[in-house]
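Only one structure is covered here, and it is reproduced in the block below.
Computed from a prediction, not measured in an experiment: that's the story for all the values here. These values consider heavy atoms only, across backbone and side chains, with no hydrogens, waters or symmetry-generated copies.
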Amino acid sequence: MSRPIHPAPAPLRRGTAVACAALLFVALASGTATGAEPTPSPSATAPSATGDTGLAGLDPRITEIMRKPDYRNAQWGLLQTDPESGRVVHSLFPEQFFIPGSTAKLISVSGPWHTLGADHRFVTPLYAVGARDGATLTGDLDLVAQGDLTMGGRTRPDGTVAYTDLDHTYANDFPGATLTPENPLAGIDRLARQVHDSGITRVDGDVIVDSRLFVPDPELVPTPTPLIINDNLIDLMTTPGDRPGADARLDWRPKVAPYQVTSAVKTVAAGKPTAVTVTASDGGTRIRLTGTIAADSAPLLRTSPIGDPASFGRVALIEALERAGVHVTADPSGPNPVGRLPRDYDGRPRVAAYTSPPYAQYAKLILKVSHNLGANLGICLLAVTAKSDQCPAGFPVLADFLDEAGVDREQAQLMDGRGGNPADRATPQVLVQMLAYWQRTPDARLFREALPILGVDGLLAENCRSCPARGKVFAKTGAAVGGDALNDRLAVGAITIAGYLDKGGGRFDTFYAGVNGASTPGADPTEVLAITNDLAMIAAYLQESSSP
C-alpha cells in the first residue's frame with residue numbers, strides 16, 4: 001500500500017563524518033543509502049518513568065504489527081493525545097529519542113511559517129543601476145534574490161503552488177517521478193516583460209544577480225541559494241523511440257545557455273532493463289545521457305544539478321529580456337559580475353518585481369512532497385530575519401519560536417531543516433507538542449491540510465486508498481534506511497509518521513508512530529515496503545479505533 005524511498009545521503013554538519021537519510025514513503029529504486037544508527041531498543045511492553053501506557057488498550061491489529069518477528073530487535077514509539085483536553089490516549093516511550101526522518105520538517109517548517117507568517121510573499125526586485133536616456137539604460141539591471149523557493153516555476157493560474165505526489169527532486173532515486181506542467185522560467189519571463197513595459201528596450205551594460213541575502217552553507221544538503229530556479233535542477237525526460245534499436249527521444253528544461261544536453265540512450269525490446277545514466281562536466285553545463293530504455297517504458301525523468309544558480313539565473317534573465325524585446329549588450333555566457341554591485345539600492349529605480357504566492361503555499365509544497373531544499377531554505381530564511389547572512393544563525397530563531405510555542409526543544413536535536421542529518425533526533429512528545437501548538441492557532445486547518453492526506457495526496461496518496469481511514473489521517477512521514485553489509489540486508493534506522501487523526505465531530509487527535517532499528521530479511525530495497533505499510537496501517541488503525 002505504501003511506497004518507501006531510496007534516500008539520498010546527507011553529511012553531518014560541522015565535521016561529523018556519518019551519513020544518514022531521512023525522507024518519506026514513495027516508490028523504491030534499486031540500491032541503498034548510507035546508514036543511520038538506531039536508538040537503543042527496550043521492550044515495547046516495559047513501563048518507563050515517563051508514564052507509558054505500553055500496549056494496553058491498543059487496537060489488537062496494532063499490537064499484532066509491533067510483535068512481528070521482523071521487529072524483535074527494534075524499538076517502537078507511540079503517542080496519541082486529545083489536544084483539546086490534553087488527555088493521553090496511547091503512550092509508548094514518549095520521551096525517548098528516535099531518528100525522525102522527514103517528520104523533523106514539522107518543526108523546521110513551523111518556524112518560518114510562524115516567523116514570516118502564512119501570508120508572507122517574497123518580492124524579488126529588479127533595479128536599474130545607471131543612467132537612462134529614453135528607452136536605453138546605460139548601466140546594469142540587478143536582480144536582488146530574496147530566497148523565493150520557486151520564482152513562479154510552480155505557480156498555477158489561481159496562484160496556488162503545483163506539486164506531484166512524487167516530486168522531480170527525487171527523480172534520480174525513484175521511478176515514477178513526474179513534472180508539474182508550469183513553466184520553470186515563468187517568474188523570470190514576467191520580470192523581463194515588466195522591464196519592457198517600463199520603457200527600457202536596450203541595456204548598454206550587464207545583468208547581475210545579487211545573491212548577498214545569505215551565504216550558501218554546503219553543510220545543508222541540498223544547499224539553499226538566494227536565487228532558486230526549478231529547484232536548481234535541469235529536468236531530463238527520456239522517451240522510448242519508435243522501435244528497438246532506435247535512438248530514444250529526449251526533452252529537457254529549462255533550456256538556458258550555456259547548458260547543452262546530448263543523449264546516446266537506445267531503445268531496447270519491451271521487458272528489457274531500463275537504465276539511464278546522467279553525467280555532467282564543465283561545471284554542470286555539459287550533460288550527457290547514456291544507457292537503455294525499454295520500448296514499453298513510460299517516459300523516464302532524470303535530473304542534473306545547476307552548478308552555479310546565480311550565473312544560471314543571469315543567463316536566463318538575459319535570454320528572457322531578449323524574448324521580451326529588450327536587447328542587452330553584455331555577453332550572456334560571461335560570469336555573474338558581482339563586483340559591479342552597489343552597496344545598496346537606495347534611490348535606484350525599481351523597474352520590475354516578481355511577487356510569490358504566500359508562504360503557506362510553499363509550506364504545503366515542502367510538507368506534501370517532503371521537499372528537502374525548501375526545508376533547508378527555511379533555516380536560512382530564519383537567519384535573514386535575524387539580520388544575518390549565515391544560515392546557522394537561523395537555529396536560534398527556531399529555538400526562540402519553539403520556546404514561545406511551548407514546545408520542549410530539548411526533546412529535539414536538529415542539524416538541518418530536512419531531517420536528513422545523522423545527528424537529528426526527536427521524541428514522540430516533541431513532535432506531538434508541535435502538532436498541538438498549531439491546533440491552538442488560527443492556521444490550524446491550513447497547517448493540517450498542508451500535510452499529506454492518507455489515500456488522497458502527497459506522499460500518502462497511495463496508502464490505504466480503500467480503507468475506512470482514507471482522507472482522515474493528515475500526517476508527515478519519514479524514513480532513514482541504510483545498508484547492512486555484514487548480514488546482506490537493509491538496516492532501517494527509522495520509519496516514522498506523525499500528524500492528526502480525524503476522530504469526528506471536529507476532534508483531531510495528535511499522534512506519532514515510529515520504529516527504530518528494524519531490518520529487512522534481505523538486501524532487496526522493496527522489502528522496506530512491508531515496514532512502511534505497517535506504519536501507514538498503524539496510523540489508519542489509530543484513526544479507526546475508539547478511544548479506551
Any [X] side-chain heavy atom under 4.5 Å of [Y] side chain:
X	Y	result
I208	N336	yes
L367	F447	yes
I228	D148	no
D296	P240	no
K266	T290	no
L143	Y354	no
P100	T496	no
T178	L166	no

Quick check: closest heavy atoms across [X] and [Y], and the distance to 0.1 Å?
X	Y	answer
C380	P224	SG-CG, 4.0 Å
A171	T303	CB-CG2, 4.1 Å
A162	E182	CB-OE1, 3.3 Å
P309	L227	CB-O, 3.6 Å
L106	A498	CD1-CB, 3.8 Å
A480	I99	CB-CG2, 3.9 Å

Run the salt bridge (Lys or Arg N to Asp or Glu O under 4.0 Å) check on D251 and R253 step by step: do they pass?
CA-CA 7 Å; D251 194 12; R253 72 176 203 182; over 6 Å; no
Evaluation steps, salt bridge (Lys or Arg N to Asp or Glu O under 4.0 Å), between R154 and D167:
CA-CA 12 Å; R154 292 178 185 253; D167 192 65; 2.9 Å; yes
Between [X] and [Y]: side-chain donor-acceptor atoms closer than 3.5 Å:
X	Y	answer
S102	K105	yes
T262	R288	yes
N183	D189	yes
W113	D443	yes
T180	Y163	no
H371	D231	yes
D140	Y127	no
R156	T160	yes
T225	N232	yes

Partner of R249 under side-chain hydrogen bond (donor to acceptor under 3.5 Å, both in side chains), chosen from D242, T267, T239
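That would be D242.
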Is it the case that over 12 heavy atoms from other parts of the model lie below 6.0 angstrom from the [atom1] atom of [X]?
X	atom1	result
D133	CG	no
R132	CZ	yes
D331	CG	yes
R350	CZ	no

Can you tell me which residue among M415, R418, Q413 is in a side-chain contact (heavy atoms from CB on, under 4.5 Å) with D424?
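That would be M415; it is the only one of M415, R418, Q413 passing the side-chain contact (heavy atoms from CB on, under 4.5 Å) with D424.
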Residue of the set V203, V195, L137, L317 for which side-chain contact (heavy atoms from CB on, under 4.5 Å) holds with V328:
V203
Pair [X] + [Y]: basic N to acidic O under 4.0 Å:
X	Y	result
D389	R212	no
R348	D346	no
D235	K255	no

Strictly under 6.0 Å, is that where the ring centroids of Y259 and F312 end up?
yes
Ring centroid separation for F122 and H120, is it under 6.0 angstrom?
yes
L179 and T164: side-chain contact (heavy atoms from CB on, under 4.5 Å), yes or no, with the steps?
CA-CA 7 Å; L179 296 172; T164 62; over 6 Å; no
For G420, does its backbone N or O pair with a side-chain atom of D416 as donor and acceptor, under 3.5 Å?
yes
